[in-house]
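Throughout, residue positions are numbered sequentially from 1 according to the sequence presented. Just so you know, ligand 1 is whichever comes first in the structure, and atom 1 is the first atom listed for that ligand.
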Amino acid sequence: MKNTQNPNQSQFDKKAQAWSARFSEPVSELVKRYTASVDFDKRLARFDIQGSLAHAQMLEAVSVISKQDRSDIERGMAQILEEIDAGRFEWLLDLEDVHLNIEKRLVELVGDAGKRLHTGRSRNDQVATDIRLWLRYEIDGLILLLEQLRQALATVALEHAGTILPGFTHMQVAQPVTFGHHLLAYAEMFGRDAARLADCRKRVNILPLGAAALAGTSFPIDRPMVAKLLAFDDVCQNSLDAVSDRDFAIEFCSACALIMTHISRFSEELVIWMSPRIGFIDLADRFCTGSSIMPQKKNPDVPELARGKTGRVNGHLVALLTLMKGQPLAYNKDNQEDKEGLFDTADTVRDTLTIFVDLVAGIKVKADAMRAAALQGFATATDLADYLVKRGVPFRDAHEAVAHAVRECEKKGCDLADLSVSELQKFHTAVGDDVHTVLTLEGSVAARNHIGGTAPERVRQAALKIIDSALKNSN
Ligand code: ARG
């Protein structure tokens, strides 16, 4: 039966694979590519090294490795980091993933000390630690970007606290609002998004290392020490859970899906506002492109693409949920599939937010077009009804009287404000000489003077609150 031997056997370099002593034949090229993650997880290298250094420091502290081992490991890792930064590090598919690539090189550089590093740990707790370190870093960056976006929105809002445009419900003109107020609605959403990420960070920032493959380790490890070295808030309390769950990543993707959903709603408005039919704003040329065939076109590509990219971020969330749902405890290779979607989520949201900070600052507001639109569609009808109510008319009767007045205006092709006092009195005798003060756009917005209202004074205060809070945080 000698010739049943795999023909590749002779080329099988058992030393190339960390687990190869157990195997009698190599995997096929396709299986190698299929199972390897190094092409994408090499971006975790810096965090992998950070985790390894903390692990080595702890192993020395509990006398599992010697001082010399630790310093050899540190020397080797410093060189590896240098090689990676300089683009000189040779990543090998044969070595499957970032962890084994780095470990192999470490052994090449420092010998036995490198072989001792993996004592008391497994790639399972190692990779979970790497992802958490990476994600924590990304979350901090995204929270900063969300704050910058809020600042950009608040700055434009302050400038346009009194710029009136129609507010819509059902895409029908509803009531006049200010542009500043409209922008600050998004500042609220992005504020909650930042709070969600900060909350998610609490659960990301827990140390899995020490769980080893799944059951913990028989070495006298000091997990709190490693947590402290890596600035984790705590250690995972169950080794099976530590290596297997990716709920923290799902939470992150969910928070990101919401960020993109808010960006997408905003984008939709930007696209509508920039349509020549509406013409409320213009976006700086650097966010738009032309058409190869229609010379007159200036397309709002960036908001359109951001709206489109929301789809892929939402997709990554569903992919991760699906990845997790069928997995028994503890670690399964399925989890390797968490990375690409997670990386792409962070990259997409980071790029989108970075671009939007600049895009918002460069919005050119066409106040005349906004005002003209607010004057159409009887945006102050509610103000007239409220006016009657304040003069003792029950709201339903006031509503009815104004509805008649609107019909009359439609017939005449004019606005409510164009009717004289005596004409308006025909619809209700409670109409007085001062009625036109509430029929103007300015009167309408100024009247909504309470927390959360669109009165320019309130909008100014709300914008300043956001701007001041940033100043306070930077002091
Ligand atoms: N590349 C793997 C991942 O991303 C690392 C953990 C591998 N563990 C194992 N037992 N095969 O999940």
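A donor-acceptor contact closer than 3.5 angstrom links the side chains of T289 and D301. If you check the side chains of H182 and E269, you find a donor sitting under 3.5 Å from an acceptor. Looking only at atom types and distance, the side chain of D130 has no donor-acceptor partner in the side chain of Q126 under 3.5 Å away. No hydrogens or angles considered: nothing links the side chains of T178 and H181 as a donor-acceptor pair under 3.5 Å.
Under a 4.0 Å criterion applied to the non-hydrogen atoms of S37, ligand 1 contributes the atoms 1 (N). Shown in contact with D97 at under 4.0 Å from a heavy atom are these atoms of ligand 1, numbered in order with element: 1 (N), 2 (C), 5 (C). Under a 4.0 Å criterion applied to the non-hydrogen atoms of K339, ligand 1 contributes the atoms 3 (C), 4 (O), 12 (O). Below 4.0 Å from some heavy atom of Q336 lie the following atoms of ligand 1, by number and element: 1 (N), 2 (C), 3 (C), 4 (O), 12 (O).
Taking atom 11 (N) of ligand 1 as the reference point, the nearest protein heavy-atom neighbour is R123 NH2, 3.6 Å. Y331 OH, 3.6 Å is the protein heavy atom nearest to atom 7 (C) of ligand 1.
Contact check on R105 versus E83 returns a salt bridge, with a Lys/Arg side-chain nitrogen under 4.0 Å from an Asp/Glu carboxylate oxygen. Using a cutoff of 4.0 Å between basic side-chain nitrogens and carboxylate oxygens, K202 and D233 are not scored as salt-bridged.
When the heavy-atom distances from atom 8 (N) of ligand 1 to N124, V38, T35 are ranked, the shortest goes to N124.
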